[in-house]
Protein chains: 2
Amino acid sequence: MITLSEFKNLVSLSKRDICREIYVENAEKIKVKKEDRVVKNLAKIFDATLAISNKKGFHAMSLRNLSEGAGLSMGALYSYFTGKDELLAMIQEQGRRLTTRILVEQVEAAPGLREKLRAGIVAHIYLSEVMQPWFYFSFMEARNLDKKQMKAAIESEILTEQVFADILRSGREEGIFEVADPDMTAALIKANLQEWYVKRWKYRSRGVAVEDYARFVIGWVEAFVCPGRPLAIE
Amino acid sequence: MITLSEFKNLVSLSKRDICREIYVENAEKIKVKKEDRVVKNLAKIFDATLAISNKKGFHAMSLRNLSEGAGLSMGALYSYFTGKDELLAMIQEQGRRLTTRILVEQVEAAPGLREKLRAGIVAHIYLSEVMQPWFYFSFMEARNLDKKQMKAAIESEILTEQVFADILRSGREEGIFEVADPDMTAALIKANLQEWYVKRWKYRSRGVAVEDYARFVIGWVEAFVCPGRPLAIE
DNA sequence: GTCTATACATAGATAGAC
DNA sequence: GTCTATCTATGTATAGAC
């Protein structure tokens, strides 16, 4: 199984790259025009937003809190977004896009279906480890989205799940998996992936490494979908 | 397997009983003294709090919102709690106590260890179905608790998990379960129980009944802890 | 016990100086 | 580009009439 640090090298998602992507997507809404400056300040704004929101909630974070945390005045903040709601949407959308992209990439790169299942599980857990604050934020603040953004969030949730459901269905056809209800199975797999970043504090306090967790989930899932055919997880 | 309506009759947790219990626990803080009136109004206050908070978050719920939702003036609200934080703590604590009590009761009543495991799973899922708004609220608003309340919430989370871990450990000694890591296994079982109330919208839209979900989780867990020994879930 | 009226703090957002 | 100062709305909480 790939290790976390190998994964990091492989996907090379630097904070700068993510902020640059967000800048490009939202160029018309951002008043500041020098890319270097925008990227640098967006990174500070997002870091502070995630840090404060994940402690007490996005709604409870005032823009004065954010101003202090990001080291920018309130006036300056409004050069990077038109309002608090937009800041929320920017962070959420970027997180979703990144997840889907990396997950699909990693699954496609794997040779067989059992490998694809494993690759999907590992990719999701590692990604949520590297970007834990981002994942936690998306999860906890989804209900504060407006109608349109909410729809996008739900679609993304379903899409991720379908990646796993599709693998299971194909595997069933090929006789690799025994799975009566691929959608339900995919839903529970997803629940076990979310557990890693939602309850991160618990595993940290118990000293559970991310590789161990991934291995455990793979064993857990395969006991259900490949009964009687255990296969070592290297 | 017990059905939801049988479960409801068995545990007989009426909203009135819960509110009465809360009243008794918090009698010194509640200014109104006629029990009937207190119970009636607490029910309205909690219903409104859960309904509003579960849509947009407890912090985003203003006391003006709550006043309108509960049909009481803002002045009257303050006869039932000393501040918003206390309202939060009251709801959280009561939910925790109820969960622990019913879960332990149901597990103790089951004859063997495999039955205990199943009883625990079913009890938790059914309980979270009957009290879905309460469970969702506890889950989402835990981070808004003060230090002391937070400690209690974490202890409760761990305790629930240990109920399952203990069953698994005992079952391993008796040769009923094959489980290398009871704590980790219990943690993942709990994640699958939480899924039911955290993502209730998903299963509702797919028409998944609570009995089907419980059956699925039992099958899923037993595939891991009783490999090669499936047993019908009646 | 419950209401209305109100005090006082803090929220998001913007204008205009630098 | 960024800052300070300030506007207006909304928040929690309470006092005192009924």
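In the text below, chain A, chain B and the rest are named by the order of the sequence lines, each starting its count at 1. All values below come from the heavy atoms of this structure, side chains included, with hydrogens, waters and symmetry mates left out. Model, not experiment: these values are computed from the prediction.
Both cation-pi conditions hold for Lys84(B) and Phe58(B): the charged atom is under 6.0 angstrom from the six-membered ring centre and inside a 45 degree cone around its axis.
In this structure, CD1 of Ile52(B) is placed 11 Å from P of dG11(D), rounded to the nearest angstrom. In this structure, CD of Glu68(B) is placed 14 Å from P of dT12(D), rounded to the nearest angstrom. The separation between Met74(A) atom CE and dT4(D) atom P is 12 Å, rounded to whole Å. Put simply, CD on Glu86(B) is 15 Å from P on dT12(D), counting in whole angstrom units. Distance Lys84(A) NZ to dG11(D) P: 12 Å, rounded to the nearest Å. Rounded to an integer number of Å, the gap from NZ of Lys31(B) to P of dA15(D) is 10 Å. Whole-Å rounding puts the Leu63(B) CG to dG11(D) P distance at 9 Å.
In this structure, Lys34(A) reaches the sugar-phosphate backbone alone: every heavy-atom distance under 4.0 Å involves primed, P, OP1 or OP2 atoms, never a base. Across all strands shown, Asn65(A) has no heavy atoms under 4.0 Å from either base or sugar-phosphate atoms. Using a 4.0 Å heavy-atom distance criterion, Phe81(B) is classed as making no nucleic acid contact. Looking at heavy-atom distances under 4.0 Å, Arg64(B) makes contact with a base. Residue-level contact check: Ser62(A) touches the backbone only, with heavy atoms under 4.0 Å from sugar-phosphate atoms and none from bases. Across all strands, Asp85(B) comes closer than 4.0 Å to no nucleic acid atom at all (heavy-atom distances).
Residue-to-nucleotide proximity on DNA chain D shows that, of Leu72(A) and Met61(B), the 5′-proximal contact is made by Leu72(A). When each of Ala60(A) and Thr82(A) is assigned the nucleotide of DNA chain C bearing its nearest heavy atom, the one mapping closer to the 5' terminus is Ala60(A).
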In a table with atom names and distances, give each donor-acceptor pair under 3.5 Å that connects a side chain of residues 119-128 of chain B to protein atoms at least two apart or in another chain.
{"unit_1": "Tyr126(B)", "atom_1": "OH", "unit_2": "Ile2(B)", "atom_2": "O", "d": "2.6"}
{"unit_1": "Ser128(B)", "atom_1": "OG", "unit_2": "His124(B)", "atom_2": "O", "d": "3.2"}
{"unit_1": "Ser128(B)", "atom_1": "OG", "unit_2": "Ile125(B)", "atom_2": "O", "d": "2.9"}

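The only member of Phe216(B), Tyr197(B), Trp196(B) that meets ring-ring contact (aromatic ring centres under 6.0 Å, His included) when paired with Tyr203(B) is Trp196(B). The only member of Glu129(A), Glu195(A), Gln132(A) that meets side chain to side chain donor-acceptor pair (under 3.5 Å) when paired with Arg200(A) is Glu129(A).
Chain B approaches DNA chain C within less than 4.0 angstrom (heavy atoms of the protein), and the contacting nucleotides run 5' to 3' from dG1(C) to dT4(C).
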> Step by step, would you call Asp146(B) with Gln149(B) a side-chain hydrogen bond (donor to acceptor under 3.5 Å, both in side chains)?
Replying inline: CA-CA 5 Å; Asp146(B) 61 33; Gln149(B) 294 284 338; 5.1 Å; no

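Shown here are the salt bridge (charged side-chain N to carboxylate O under 4.0 Å, His left out) partners of Lys15(A), two or more places apart in sequence or in another chain: Asp47(A).
Under the 4.5 Å side-chain criterion, counting only non-hydrogen atoms from C-beta, Val38(A) is not in contact with Lys33(A).
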